[in-house]
2 protein chains.
Amino acid sequence: MSDRPARPAADQGSDPAAAFQPHDHGHCSSAALDAAEARLAQQGARLTPVRRRTLEILLESPRAMGAYEVLDRLAAEGFGRQPPVAYRALEFLVSHGLAHRLQRLNAFAACLHPGHDHTPAFLICRSCDRVAEAEAAPIRAVLSDVASGAGFRVERATIEALGLCASCAADGAA
Amino acid sequence: MSDRPARPAADQGSDPAAAFQPHDHGHCSSAALDAAEARLAQQGARLTPVRRRTLEILLESPRAMGAYEVLDRLAAEGFGRQPPVAYRALEFLVSHGLAHRLQRLNAFAACLHPGHDHTPAFLICRSCDRVAEAEAAPIRAVLSDVASGAGFRVERATIEALGLCASCAADGAA
DNA sequence: AAGACAACCGTAACACTATAACAGCTCGTT
DNA sequence: AACGAGCTGTTATAGTGTTACGGTTGTCTT
């Protein structure tokens, strides 16, 4: 999982705060889609219309979206209107590192740094519901360390923080 | 069975004889239950029969249990058989630090160290399904640190690791 | 002791989340 | 043309969680 092509232009890289700022999603969306297509081609996977549209929908939202919310959008645009349509597309995106599933919310969000860190930590603002990705490597290191003290070998870790983002804190949200 | 099912004799609070009442199940968690009761008393909360039995059920299981699994047990013992019965008891236990909810599993487990660290990290063995609690303080410290780089203030963190426990690894589980 | 009140337990009904099983389509290969 | 693989769509069902309401009980007040 270490070979990765050139960084996409819209990669907001190391500044997770960017995710909490309003910005032009249409722009980051097309860059992300291009990057996605390139990554998938390497893996011999196809970004079919439903999958592409599903990813676009996720990219357009600053919040995580429930599967049925995504499904409603898809159905309104002429795709199938049964749950598996959305779940299959979402599962495909997640398994190819293009989207994430948030356990705490039963929801999905586009991956903003595809190819970077496939299982980041998530910062979920309880006021505006925006979701940001944070570097999980140092956290996972400590977790693995603590776990190995119990003889436990960590394979996958879910790290999700609920709290208040900078803008909401500035806006005086409790 | 009569139409008014028998309920576990576990009158709480004002009856001093309650302390002497023998358990139906000999093994136990009576120490944990006593501790729980003491903790609750301090908080002005009551360990009613349903709540007590729910905690016992969780304590008897090394795995996390789904709400409906708990509900089946409760219903079989004469308590209500509708979902809110289980969910209310579980929510009470969680909110008083006597049980935990595992987001990844949609399941609940008794807290093994009540009064210690109320939101530990969880180590979930994918082979035997057992759940262990690990010290989360150092992990949360790193998480808060990473998050603060994005101006995010962490309030609650979900840290759940999936992997292989020592015994399963020793038994040669993949 | 009687009434007011809050907490608790139970019920029915419903909402939300997710999967199983199966059928048809398309496309590349033989 | 026939085949198989992968994708999309369908119906039906399973699993998880909540809302709304009513009755009981225990406590506090008067």
Side-chain angles (χ1 to χ4, degrees), chain A residues 37 40-41 43-55 57-58 63-96 99-109, chain B residues 1-15 18 37 40-41 43-55 57 63-96 99 101-109:
Chain A
E37 206 136 25
L40 289 176
Q43 300 173 31
R46 292 159 47 202
L47 192 60
T48 61
V50 214
R51 293 169 179 176
R52 183 183 192 92
R53 190 60 195 121
T54 300
L55 179 53
I57 288 169
L58 291 182
R63 302 178 303 99
M65 297 180 74
Y68 279 71
E69 202 177 344
V70 171
L71 179 58
D72 285 347
R73 301 277 303 269
L74 290 174
E77 297 173 20
F79 293 102
R81 51 186 62 256
Q82 303 306 320
V85 170
Y87 280 101
R88 280 195 291 236
L90 290 166
E91 188 197 359
F92 172 87
L93 295 174
V94 169
S95 71
H96 287 81
H100 300 291
R101 178 184 211 125
L102 289 126
Q103 304 286 346
R104 239 191 133 102
L105 306 176
N106 291 325
F108 301 82
Chain B
M1 290 292 186
S2 67
D3 63 345
R4 189 52 182 163
R7 287 157 79 132
D11 224 327
Q12 78 291 343
S14 51
D15 183 1
E37 202 138 27
L40 289 176
Q43 301 173 31
R46 291 160 48 203
L47 191 61
T48 62
V50 214
R51 293 168 178 175
R52 183 183 191 94
R53 189 62 195 120
T54 300
L55 179 53
I57 289 169
R63 304 177 303 99
M65 298 180 74
Y68 279 71
E69 201 177 346
V70 171
L71 178 58
D72 284 347
R73 301 276 304 270
L74 290 173
E77 297 173 19
F79 293 103
R81 50 186 63 255
Q82 305 302 324
V85 170
Y87 279 101
R88 280 194 292 234
L90 290 167
E91 188 198 358
F92 173 87
L93 295 175
V94 169
S95 71
H96 287 81
R101 176 182 213 129
L102 289 126
Q103 303 287 345
R104 240 191 133 100
L105 307 177
N106 290 325
F108 302 81

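Keep in mind it's a predicted model, so treat the numbers as computed, not measured. Hydrogens, waters and symmetry mates play no part in the numbers below; they use all other heavy atoms, side chains included. Chain naming here is simple, since letters A, B, ... match the order of the sequence lines and numbering starts at 1 in each.
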Let me know the distance between [atom1] of [X] and [atom2] of [N], rounded to the nearest Å.
{"X": "A:Arg101", "N": "C:dT17", "atom1": "CZ", "atom2": "P", "value": "11 Å"}
{"X": "A:Glu77", "N": "D:dT8", "atom1": "CD", "atom2": "C1'", "value": "16 Å"}
{"X": "B:Phe108", "N": "D:dT16", "atom1": "CZ", "atom2": "P", "value": "10 Å"}
{"X": "A:Arg104", "N": "C:dT17", "atom1": "CZ", "atom2": "C1'", "value": "18 Å"}
{"X": "A:Phe92", "N": "D:dT8", "atom1": "CZ", "atom2": "P", "value": "9 Å"}
{"X": "B:Arg81", "N": "C:dT11", "atom1": "CZ", "atom2": "P", "value": "7 Å"}
{"X": "A:Leu90", "N": "D:dT8", "atom1": "CG", "atom2": "C1'", "value": "15 Å"}
{"X": "B:Glu69", "N": "D:dT16", "atom1": "CD", "atom2": "P", "value": "9 Å"}

Considering only heavy atoms and no angle criterion, is a donor-acceptor pair shorter than 3.5 Å present between the side chain of A:Tyr68 and the base of C:dA18?
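Such a pair is found, so the answer is yes.
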Within a 6.0 Å radius of atom CD on A:Glu69, are there more than 12 heavy atoms belonging to other residues, nucleotides or ligands?
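Count over threshold, so yes.
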Might you confirm whether atom CD of B:Gln103 has over 12 heavy atoms from other residues, nucleotides or ligands at distances under 6.0 Å?
yes
Could you tell me whether the phosphate oxygens of [N], OP1 or OP2, come under 4.0 Å of any side-chain nitrogen or oxygen in [X]?
{"X": "A:Arg46", "N": "C:dT26", "result": "no"}
{"X": "B:Gln82", "N": "C:dA12", "result": "yes"}
{"X": "A:Asn106", "N": "C:dA18", "result": "yes"}

Do [X] and [Y] touch side chain to side chain, with heavy atoms closer than 4.5 Å?
{"X": "B:Tyr87", "Y": "B:Phe92", "answer": "no"}
{"X": "A:His96", "Y": "A:Arg51", "answer": "no"}
{"X": "B:Ile57", "Y": "B:Phe108", "answer": "no"}

Give one of base, sugar-phosphate or nothing for A:Arg88, where a contact means two heavy atoms less than 4.0 Å apart.
base
How do A:Thr48 and B:Pro84 order along DNA chain D: which one's closest nucleotide is nearer the 5' end?
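Its nearest nucleotide lies further toward 5', so the answer is A:Thr48.
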Starting at the 5' end of DNA chain C, which residue's closest nucleotide do you reach first, B:Arg51 or B:Pro83?
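Closer to the 5' end of DNA chain C: B:Arg51.
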Could you tell me whether the side-chain ring of B:Tyr87 sits stacked on the base of D:dT18, using a centroid cut-off under 5.5 Å and a plane angle under 30°?
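It does not: the ring fails the test against the base of D:dT18.
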